[in-house]
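This one's a predicted model, so the numbers in the text were calculated from it and none came from an experiment. Index from 1, following the sequence.
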Amino acid sequence: MAMNTLSPLSDYQDYELDCALLTLGARPVVLCIGSDRVTGDCLGPIVGQMLIERNVDAYVYGCLEKPVTALNLKDCIKNIKIAHGDKKVLAVDSSVGKSSDVGKIRIAFGAIAPGSADGKKLPKVGDVSITATVTDAGKVPLSAVRLGTVYALAREIADRIIRYIG
């Protein structure tokens with residue numbers, strides 16, 4: 001699975017993101033994964049909230065009011081397959097990485113493995129995925145990540161999704 005880093009000023013990487021989103025087709029499912037109870041893990045629910053508030057033309061699962069977490073991910077995936085079996089899924093989640101990767105947003109063609117940083121065995125999900133590295137776990141635990149950092153990344157991701165999907 002090829003993964004590319006997005007930077008705020010890169011036209012080429014904006015093009016790659018647009019191409020990836022194009023593969024999703026009309027009115028895709030956007031699955032925003034994470035917990036609203038852990039700052040570093042709330043990227044997905046914040047993105048979902050922003051998409052819902054801005055009326056994105058997609059089926060959005062996971063927001064601050066109803067997050068998709070490790071506890072309900074399997075049921076959510078099952079419900080998505082039943083309700084939207086013909087739709088492609090864009091998965092959005094935070095990630096843990098090296099110090100040099102903190103603040104980077106990545107897009108990949110293919111599924112992500114939510115919870116893998118915590119050793120959780122959850123189902124892989126997504127035809128296309130967007131992740132943002134919020135911390136280097138060796139330095140700052142997910143619970144101590146600054147909300148401003150997560151919010152800025154979430155806003156960047158939501159803006160990019162909305163710009164393409166509408």
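- Here the shortest heavy-atom pairing between Gly40 and Val134 reads O-CG2, 3.3 Å.
- Side-chain contact check for Val92 versus Ile161: some heavy-atom pair is nearer than 4.5 Å.
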Worked check of side-chain contact (heavy atoms from CB on, under 4.5 Å) between Val56 and Val30: CA-CA 10 Å; Val56 70; Val30 182; 5.7 Å; no

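- A heavy-atom distance below 4.5 Å is found between the side chains of Ile157 and Leu43.
- Rounding to the nearest 0.5 Å places CG of Leu64 at 10.0 Å from OG of Ser35.
- A pairwise comparison of heavy atoms in Gly44 and Cys32 identifies O-CB, 3.0 Å as the closest pair.
- Between Thr131 and Ile112, some side-chain heavy-atom pair lies under the 4.5 Å cut-off.
- Listed by first then second residue, pairs satisfying salt bridge (Lys or Arg N to Asp or Glu O under 4.0 Å) with a partner in residues 62-74 number zero, not counting sequence neighbours.
- Sorted by first then second residue, the side chain to side chain donor-acceptor pair (under 3.5 Å) pairs that include residues 81-92, not counting sequence neighbours, are Tyr61-His84.
- With contacts defined as side-chain heavy-atom distances shorter than 4.5 Å, the pair Ile33/Leu122 does not qualify.
- Between Leu31 and Ile77, the shortest heavy-atom contact is CD2-CG1, 4.5 Å.
- Nearest approach of Pro123 to Pro114, heavy atoms of both residues: O-CD, 3.5 Å.
- Shortest non-hydrogen contact noted between Leu153 and Ala132 is CD1-CB, 4.0 Å.
- The side chain to side chain contact (heavy atoms under 4.5 Å, CB included) search around Asn72 returns Val68, Thr69, not counting sequence neighbours.
- Pro28 has its side chain within reach of Ile165: a pair of non-hydrogen atoms, C-beta onward, lies under 4.5 Å apart.
- Scored by the side chain to side chain contact (heavy atoms under 4.5 Å, CB included) test, Tyr151 finds Ile46, Met50, Arg155 as partners (sequence neighbours excluded).
- Taking 4.5 Å as the limit, every side-chain heavy atom of Val102 sits out of range of all side-chain heavy atoms of Val140.
- Closest approach of Gly34 to Pro45, counting heavy atoms only: O-CG, 3.3 Å.
- The backbone N or O of Arg146 lies less than 3.5 Å from no partner atom in the side chain of Thr39, so there is not a single donor-acceptor pair.
- We find the CZ-CD1 distance between Arg160 and Ile105 to be 6.0 Å, quoted to the nearest 0.5 Å.
- For residues 133-142, the pairs satisfying side chain to side chain donor-acceptor pair (under 3.5 Å) are Ser95-Thr133, Ser99-Asp136, Ser99-Lys139, with sequence neighbours left out.
- Pairs passing the salt bridge (Lys or Arg N to Asp or Glu O under 4.0 Å) check and including a residue from residues 27-51, sequence neighbours excluded, read Arg27-Asp57.
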